[in-house]
Amino acid sequence: MSGISAFYGGKSILITGATGFMGKVLMEKLLRTSPDLKVIYILVRPKAGQTLQQRIFQILNSKLFEKVKEVCPNVHEKIRVIYADLSQNDLSISLEDMQELLSCTNIVFHCAATVRFDDHLRHAVQLNVIATQQLLLMANQMTKLEAFIHISTAFSNCNLNHIDEVIYPCPVEPKKIIDSMEWLDDSIIEEITPKLIGDQPNTYTYTKALAEMVVQQESGNLNMAIIRPSIVGPTWQEPFPGWIDNTNGPTGFIIAAGKGFLRFIRATPMAVADVVPVDTVINLVLAVGWYTAVHRPKSTLIYHCTSGNMNPCNWGKMDFWLNTTFEKIPFERAFRRPHVEIASNRFTIKYWNAVSHWAPAIIYDFYLRLTGRKPRMTKLMNRILRTISMLEYFLNRSWEWSTYNTEMLMFKLSPQDQKVFNFDMRQLNWIEYIENYVLGVKIYLLKEDMAGIPEARQHFKRLRNIRYLFNTALFLIVWRLLVARSQMARNVWFFIVSFCYKFLSYFRASSTLKA
Ligand SMILES: CCCCCCCCCCCCCCCCCC(=O)SCCNC(=O)CCNC(=O)[C@H](O)C(C)(C)COP(=O)(O)OP(=O)(O)OC[C@H]1O[C@@H](n2cnc3c(N)ncnc32)[C@H](O)[C@@H]1OP(=O)(O)O
Ligand SMILES: NC(=O)C1=CN([C@@H]2O[C@H](COP(=O)(O)OP(=O)(O)OC[C@H]3O[C@@H](n4cnc5c(N)ncnc54)[C@H](OP(=O)(O)O)[C@@H]3O)[C@@H](O)[C@H]2O)C=CC1
C-alpha cells in the first residue's frame, strides 16, 4: 500500500475552501486513496439559497465523486460540515464546533481564498490575510495537530522575475495593513490601493504575499509548509481527464475563443504558459502534508508547483494547439468560426479589436434589434475585453521558479507513492492535455453533448459561407463606391478588365492553335 495513503488513514483532516475548485479535488483524492481516514472537517458557508448540507450533497453526488463511491460507499459519513464564514473576524464557528476542531484535528489544508483580481482590498485582506491569521491562531491551540499546509500562489511574488522557495518581505508589514483596514473607509482604501500594492498587478497577488508573511510570523511551533501553484488547469489524469468547474485563468478565454467571440489576444508567443493540472497540484499537496507531518522539517518549506522549468509550454504553442483542437472538438452554436491569434504589439491588437471584436458585435446587435430582440453582443464583448485587460499582465511575462524542494520531495517518495501521488510535470503531454482541456470545458462547463459534434461542424460550414458572402458583398460595395467617386479607381478597374480580357483571348487563341 502507498505510504502516503496509509498515513492519512485514521486521521481527522480540516479543509478550508473545500467547495472550491482545488478543494473538491483534494477531498476526492483523499477519500479515494485513504477511505479509512477518520473524518474530513470542512468549513463551509451557505450560498446561493442552499444550506450547507445541500451544497455538500450536490458536490458528493457529482461526477467527480463517482469513483470515490466505489471505494468509500459511506462517503457522506466521512465528511463533517462545519458552518464558518472566513470573512468574519472570529470565522463564525460555533463554540462546540471549535472545541471539536481544536481537540481532534491532525492536519489542516488551508485552500480558501478570494481569487478575484479586482476584489476590494478590504475584502481581499479579510479573506486572504486575516482568515489565515485566525486559522493559525486556531492551529496553535490544536492539541493533535501534525501539519498545517497553506496554499498560496506562484504569483505571490510576480513583481520578481526569478522566484526562490523563500518568503519575500512585503514593503508594509501585514499587521499595519490589517490595522489600517479597521479604521479607513472603503473610498480611501480604494484611493490608496495602487500605492499599497506597488508593483504587484492586483489585490489578489498582493494579499497572497501578505498571507505568506503572516504564516512566517505567526506559525509559532507549527509544522508548516506553503505550496505555490502557478495557473491551475483541469485534471490531467485523475479521477478522469479534463475535469474543470470554473472559468478562472485560461478557461474563460478558451470558452470565448471556442465560441468564436475572441479572435485576438495580446500575448507574447514565447512567454511561458505556466499551467499545472489540478490533480498534479493536489498530489503535491498530499505528499507535502505527509512529509511535513512525518519528517518535520526544521523550517517552513515552500514548494513551487509549476511547469515552466521542467516541461515548458508557451502561449504561442498553446494558441496553435487550441485552434487545432477547436476544429476537432467544436463547441455548439459558435458566433464565428473559432480562430484565435496572438500578437504582442498594442497597435495591432487595437486594430483587430476594432475590426474583429467590436465591428461584428455591433453588426450582430443591430441585427438583433432589427429582429425585435434584445442586443447583448457588445455587452459580452465589453466583459471579455475587460477580463483580458486584467489578465494580460500574465500573458506577456515569463517567470522562473526554483523547484529544489519539490524535486527533493519527489525523491523522498517510495516508487508506489510516486505513482499514486504523481506530481512530475515532465510526463505531461501538452497536446493531449490541451485536447482534454477543451473536451472538459465542453462537457463539464458548457454541458454540451458529444452527439452534437456533427451539427457543430455543419454550423462551422454555414459560418464560413456567411463569411465568404459577407466579404464578397463588402468588397463589391466598397468597390462600387470607389468607382463612382474616384478616377484612379476607374482606371484600375479598366486596367484589370482589359488585362483579364487579353489573357482570356490569348488563352483561347493558343488552345485553338494546339487543336
Ligand atoms: C493564447 C491562447 C488564448 C487562450 C488562453 C489565454 C488566457 C490565459 C490567461 C491566463 C492568466 C491567468 C493568470 C492567473 C495567475 C494567477 C493564478 C492564481 O493564483 S489565482 C486563480 C486565478 N484567478 C482568476 O483567474 C480570477 C480571474 N478573474 C477575475 O478576477 C474576474 O473574473 C474578473 C475580474 C476578471 C471579471 O469579473 P466580472 O466581470 O465581475 O466577471 P465574473 O467573474 O463575475 O464572471 C461573470 C461571467 O463571466 C464569466 N467569466 C469569468 N471569467 C471569464 C473569462 N476569463 N472569460 C470569459 N468569461 C469569463 C463567468 O463565468 C461569469 O458567467 P456567468 O456566471 O455570469 O454566466
Ligand atoms: N485556481 C488557480 O489557478 C490557483 C489557485 N491558487 C490558490 O488555491 C486556493 C484554492 O483556489 P481555487 O480552488 O481555485 O479557488 P475557488 O475560488 O474555486 O475556491 C475558493 C474557496 O474558498 C471559499 N471561500 C471564499 N470565501 C469564503 C468565506 N467567506 N467563507 C468560507 N469560505 C470561503 C469558497 O467557498 P464558496 O464555495 O462558499 O465560495 C471556495 O470553497 C486559493 O488559495 C488560491 O489562492 C493558487 C494558484 C492558482
Side-chain angles (χ1 to χ4, degrees), residues 14-28 41-52 54-56 58-59 64 81-93 108-117 119-120 122-132 134-135 149-158 163 202-212 214-215 226-235 243-253 273-282 284-285 302-307 391 394 399 401 437 445:
L14 170 62
I15 302 180
T16 70
T19 50
F21 175 48
M22 306 227 308
K24 285 178 199 159
V25 180
L26 173 59
M27 261 201 301
E28 193 278 337
Y41 296 111
I42 56 175
L43 301 189
V44 186
R45 56 178 172 170
K47 204 177 179 188
Q50 283 185 309
T51 63
L52 305 187
Q54 282 167 335
R55 291 194 71 187
I56 303 314
Q58 199 175 18
I59 292 174
L64 182 70
V81 190
I82 290 181
Y83 176 91
D85 184 352
L86 304 195
S87 62
Q88 300 303 314
N89 275 350
D90 59 354
L91 308 185
S92 300
I93 301 175
V108 178
F109 293 110
H110 176 34
C111 301
T114 167
V115 301
R116 289 187 69 92
F117 292 167
D119 224 344
H120 194 278
R122 183 194 298 288
H123 186 244
V125 167
Q126 185 69 45
L127 219 69
N128 295 350
V129 190
I130 302 177
T132 304
Q134 292 302 315
L135 279 161
I149 311 302
H150 172 75
I151 314 296
S152 185
T153 162
F155 296 96
S156 56
N157 300 290
C158 58
I163 300 159
N202 54 51
T203 54
Y204 167 69
T205 58
Y206 175 65
T207 51
K208 290 298 271 190
L210 285 178
E212 289 188 2
V214 164
V215 167
I226 297 178
I227 298 175
R228 290 181 181 155
S230 48
I231 304 168
V232 184
T235 51
W243 181 83
I244 180 118
D245 79 339
N246 66 36
T247 53
N248 283 342
T251 311
F253 291 108
D274 211 298
V275 175
V276 279
V278 62
D279 46 340
T280 308
V281 180
I282 295 308
L284 176 67
V285 168
I302 290 149
Y303 299 84
H304 285 151
C305 191
T306 52
S307 54
L391 272 63
F394 301 95
W399 289 269
W401 289 276
Y437 197 156
L445 279 181

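Remember, predicted model here, so these are calculated numbers, not experimental data. In each ligand, atom 1 is the first atom listed, and ligand 1 is the first ligand listed.
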Subject >> Candidate list Glu212, His304, Arg228, test side-chain hydrogen bond (donor to acceptor under 3.5 Å, both in side chains), partner Ser152, passing option >> reply: Glu212

Original post:
Would you say Gly23 has any N or O atom under 3.5 Å from an N or O of ligand 2, going by distance alone?
Top reply: no

Original post:
Does an N or O from Phe21, backbone or side chain, lie closer than 3.5 Å to an N or O of ligand 2?
Top reply: yes

Original post:
Considering only heavy atoms, which of Val285, Asp274, Thr19 lies nearest to atom 41 (O) of ligand 2?
Top reply: Thr19

**OP:** For Ala113, take its heavy atoms, then give the atoms of ligand 2 lying under 4.0 Å from any of them.
**Re:** 20 (C), 22 (O), 25 (C), 42 (C), 43 (O), 45 (O)

Subject >> Proximal candidate to atom 31 (C) of ligand 2 [heavy atom criterion; set Ile151, Leu86, Ile231, Thr251] >> reply: Leu86

**OP:** Look at the aromatic rings of His110 and His150 and report parallel, tilted or perpendicular, splitting at 30° and 60°.
**Re:** tilted

Original post:
Which ligand 2 atoms, with their elements, are less than 4.0 angstrom from a heavy-atom of Tyr204?
Top reply: 6 (N), 7 (C), 44 (C), 45 (O), 46 (C)

**OP:** With heavy atoms only and a cut-off of under 4.0 Å, state how Val44 meets ligand 2: side chain, backbone, both or neither.
**Re:** neither

Original post:
Looking only at heavy atoms, is any part of Ala154 under 4.0 Å from ligand 2, and if so is it the side chain, the backbone, or both, or is it neither?
Top reply: neither

**OP:** Would you mind telling me if ligand 2 is within reach of the side chain of Ser152, the backbone, both or neither, using heavy atoms under 4.0 Å?
**Re:** backbone

**OP:** Give yes if a backbone or side-chain nitrogen or oxygen of Cys111 is under 3.5 Å from a nitrogen or oxygen of ligand 2, and no if not.
**Re:** yes

**OP:** For ligand 2, find out whether one of its N or O atoms is nearer than 3.5 Å to an N or O atom of Asn248.
**Re:** no

Original post:
What is the ring orientation for Phe21 with Trp243, classed by angle as parallel under 30°, tilted 30 to 60°, or perpendicular over 60°?
Top reply: parallel

Original post:
Is Asp279 reaching over with its side chain to a backbone N or O of Ile282, donor-acceptor style, under 3.5 angstrom?
Top reply: no

Subject >> Ligand-residue contact atoms, ligand 2 with Ser87, heavy atoms, under 4.0 Å >> reply: 29 (N)

Original post:
Is it the side chain, the backbone, both or neither of Lys47 that has a heavy atom closer than 4.0 Å to ligand 2?
Top reply: side chain

**OP:** Could you list which atoms of ligand 2 come closer than 4.0 Å to a heavy atom of Ser230?
**Re:** 47 (C), 48 (C)

Original post:
With respect to atom 2 (C) of ligand 2, which of Val232, Thr153, Asn246 exhibits the smallest heavy-atom separation?
Top reply: Val232

Subject >> Side-chain heavy-atom pair Thr19, Ile56 within 4.5 angstrom cut-off >> reply: yes

Subject >> Region of Lys208 that comes within reach of ligand 2 [heavy atoms, distance under 4.0 Å] >> reply: side chain

